[in-house]
Protein chains: 2
Amino acid sequence: MARKPADQAVNRIDILSAAADVFRRKGYHGAKMADIAAEVKLTAGSLYHHFPDGKQQILMAVLNDGLEQITDNVREIVNDPALQPDEQLRRIVYEHILGLTEHVSIAAALVFETRTLLNDLDNTDARQRYLDARDRFELYFRQVVESGIEKGMFHPVDVAIFTKTMLGAHNWVGVWYRDGGRLSGEEIAEEMAETFLRALRR
Amino acid sequence: MARKPADQAVNRIDILSAAADVFRRKGYHGAKMADIAAEVKLTAGSLYHHFPDGKQQILMAVLNDGLEQITDNVREIVNDPALQPDEQLRRIVYEHILGLTEHVSIAAALVFETRTLLNDLDNTDARQRYLDARDRFELYFRQVVESGIEKGMFHPVDVAIFTKTMLGAHNWVGVWYRDGGRLSGEEIAEEMAETFLRALRR
DNA sequence: TCAGGAATTGAATAGGTATTCGATTCAAGT
DNA sequence: ACTTGAATCGAATACCTATTCAATTCCTGA
């Protein structure tokens, strides 16, 4: 029955980050509103002040914000006309993977909770926006591969399959990666970027 | 309030296959016992005759049976001493992917519901058996890569990362593959096998 | 043909958890 | 200081679905 003093203020970002964390640990359905609330020292009811539409709205926001965050780096590289396809590919793979290792809870949500979104959430505006953004993200990778093939720099792979192959491998990193493992996020990202470049050698 | 005539008999396999299907469509938590039961023309209560421990037991069985099914082909190839690493790799990749496309609901379960198992199920015997089998499965891939490197046939990649890269890409096929798409399971499997072989060229 | 077990049904039962909402307190502007 | 709205709480609501179980019917082996 109280408002929090200013120095303990809780905002949207805090909640989303907490939610992503809880989702990673317990999955969307295993995550209680009370769990998420506790993570930011609130009670379940309070979350509805920030997200009137409740748990689904939180999921939606986690995914939309998360995807955008992961997309940002990649978009920049693709839009740089000075870069050749091979260098572009190396960099988007590297940045994508590094981003996922730096935000494991987002990475896990993008893999596992996208399915929840498809299953549980109505076809709202926000949902469609997310799915579209997801398609565009895939397109970035596809375009780089295509352009490399056109320029004769890459082996003429099936672009759709190769793109899915890359993205699947990348997403999986978010599933198995743990901080403090044998290799750093940077090392993993570099190793995988080289791998896919070799796979594209003519 | 009756037993089924013999020609409508329902067995364990039917139920597990139905369950895997429902899990794929709605996810474990979205799948009601009644949904699974309906799929085989039973009611929810009847499932407890076949699986006394209920939903969790069904999940456990779907995963254990499913993994075994997917593993079988691969194991054979790895144990064939007449095959060279490159040919072995081509075949295990091909068979693994083909198996996943032929059993999409199992494929989806192995990706998404393994997480459910980790989150929701107690550390029972069956659970551990599954996780061990999963590790062994990964080991098959790892061994082939290792032996290829030792024999100087493969580029000296980081074996752990390369293996995870392959498995991530494979698993992802189970997420996006749809019957009747542009390419058949065979075509996809072949394309991806070639891709990973190129990535291993010295 | 009969006995006994197998399989199934259709209510209860039992919990769990998202959500709602009136009451309360704090912060910020005036 | 006072006013007003933002933020929070916590208890009550509401619903949903896994699970249990007694009753019933069908099979199968002897």
Side-chain angles (χ1 to χ4, degrees), chain A residues 1-20 22-23 25-63 113 116-117 119-122 124 126, chain B residues 1-20 22-23 25-63 113 116-117 119-122 124 126:
Chain A
M1 23 165 129
R3 178 177 182 168
K4 285 283 170 64
D7 62 332
Q8 304 173 29
V10 171
N11 59 39
R12 170 195 171 88
I13 304 293
D14 296 331
I15 295 175
L16 291 183
S17 154
V22 179
F23 289 164
R25 290 202 303 273
K26 312 194 176 188
Y28 177 80
H29 288 289
K32 300 172 216 161
M33 289 298 273
D35 294 334
I36 299 172
E39 198 87 359
V40 289
K41 318 269 194 203
L42 289 181
T43 60
S46 306
L47 294 179
Y48 289 80
H49 182 263
H50 300 275
F51 297 92
D53 292 336
K55 200 176 177 183
Q56 296 197 336
Q57 188 183 4
I58 292 179
L59 171 59
M60 198 64 261
V62 165
L63 290 178
E113 309 313 347
T116 308
L117 170 138
N119 288 155
D120 293 25
L121 273 59
D122 296 323
T124 60
Chain B
M1 24 169 133
R3 179 176 180 168
K4 284 281 169 66
D7 62 333
Q8 303 173 28
V10 171
N11 60 36
R12 169 195 171 89
I13 304 292
D14 296 331
I15 295 174
L16 291 184
S17 154
V22 180
F23 289 164
R25 290 202 302 274
K26 312 193 176 192
Y28 177 81
H29 289 288
K32 300 171 215 163
M33 290 298 272
D35 294 334
I36 300 171
E39 199 87 0
V40 289
K41 320 265 194 204
L42 289 181
T43 59
S46 308
L47 294 180
Y48 289 81
H49 181 262
H50 301 274
F51 297 92
D53 292 336
K55 201 176 177 184
Q56 296 197 336
Q57 188 183 3
I58 292 179
L59 171 59
M60 198 64 261
V62 165
L63 290 178
E113 309 312 347
T116 308
L117 170 137
N119 288 155
D120 293 25
L121 274 59
D122 296 322
T124 61

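The two atoms that bring B:Phe51 and B:Ala61 nearest to each other are CE2-CB, 4.2 Å, heavy atoms only. Nearest heavy atom pair, residue A:Ala37 against residue A:Ala44, reads CB-N, 3.6 Å.
Taking A:Ala126 as the reference, A:Met60, A:Asn64, A:Thr124, A:Arg129 meet the side-chain contact (heavy atoms from CB on, under 4.5 Å) condition, with sequence neighbours excluded.
Computed from coordinates, the B:Tyr48 OH to C:dT13 C1' distance equals 13 Å when rounded to whole Å. For the pair A:Lys41 NZ and D:dC9 C1', the computed distance is 16 Å after rounding to whole Å. One interatomic measurement links the two molecules: NZ of B:Lys26 to C1' of D:dC16, which rounds to 14 Å at whole-angstrom precision. Atom NE2 in A:His49 sits roughly 17 Å away from atom P in D:dG10 (whole-Å rounding). Counting to the nearest Å, the C1' atom of D:dA18 and the CG atom of B:Asp120 are 13 Å from each other.
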Audit row: B:Glu113, B:Val62, side chain to side chain contact (heavy atoms under 4.5 Å, CB included) steps and yes/no: CA-CA 9 Å; B:Glu113 309 312 347; B:Val62 165; over 6 Å; no
Going through the checks in order, is the side chain to side chain contact (heavy atoms under 4.5 Å, CB included) test met by A:His29 and B:Asp120? CA-CA 10 Å; A:His29 288 289; B:Asp120 293 25; over 6 Å; no
Working note: A:Lys55 + A:Tyr28, criterion side chain to side chain contact (heavy atoms under 4.5 Å, CB included); need CA distance, chi angles, decisive distance, verdict. CA-CA 9 Å; A:Lys55 200 176 177 183; A:Tyr28 177 80; 3.4 Å; yes
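Near-neighbour residues of DNA chain C inside residues 54-63 of chain B, defined by a heavy atom below 4.0 Å, are absent. Taking a 4.0 Å limit (strictly below) on heavy-atom distances, residues 12-19 of chain A does not reach DNA chain D anywhere. A heavy atom lying under 4.0 Å from DNA chain C marks none of the residues of residues 27-39 of chain B.
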Distance-only check: which donor-acceptor pairs under 3.5 Å involve side-chain atoms of residues 12-19 of chain A, not counting sequence neighbours?
{"from": "A:Asp14", "atom 1": "OD2", "to": "A:Asn11", "atom 2": "N", "distance (Å)": "3.1"}

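B:Glu39 pairs in a salt bridge (charged side-chain N to carboxylate O under 4.0 Å, His left out) with only one of the listed residues (B:Lys26, B:Arg25, B:Lys32), which is B:Arg25.
A distance of 5.0 Å separates CD1 of B:Ile58 from CG of B:Leu47, quoted to the nearest 0.5 Å.
Computed from C1' positions of five pairs at each end, the angle between the two local axes of the helix from C:dT1-D:dA30 to C:dT30-D:dA1 equals 30°, rounded to 10 degrees.
For B:Ser46 and C:dT8, the shortest distance from a side-chain N or O to OP1 or OP2 is not below 4.0 Å. Phosphate contact (OP1/OP2 of D:dT8, side-chain N/O of A:His50, threshold under 4.0 Å): present.
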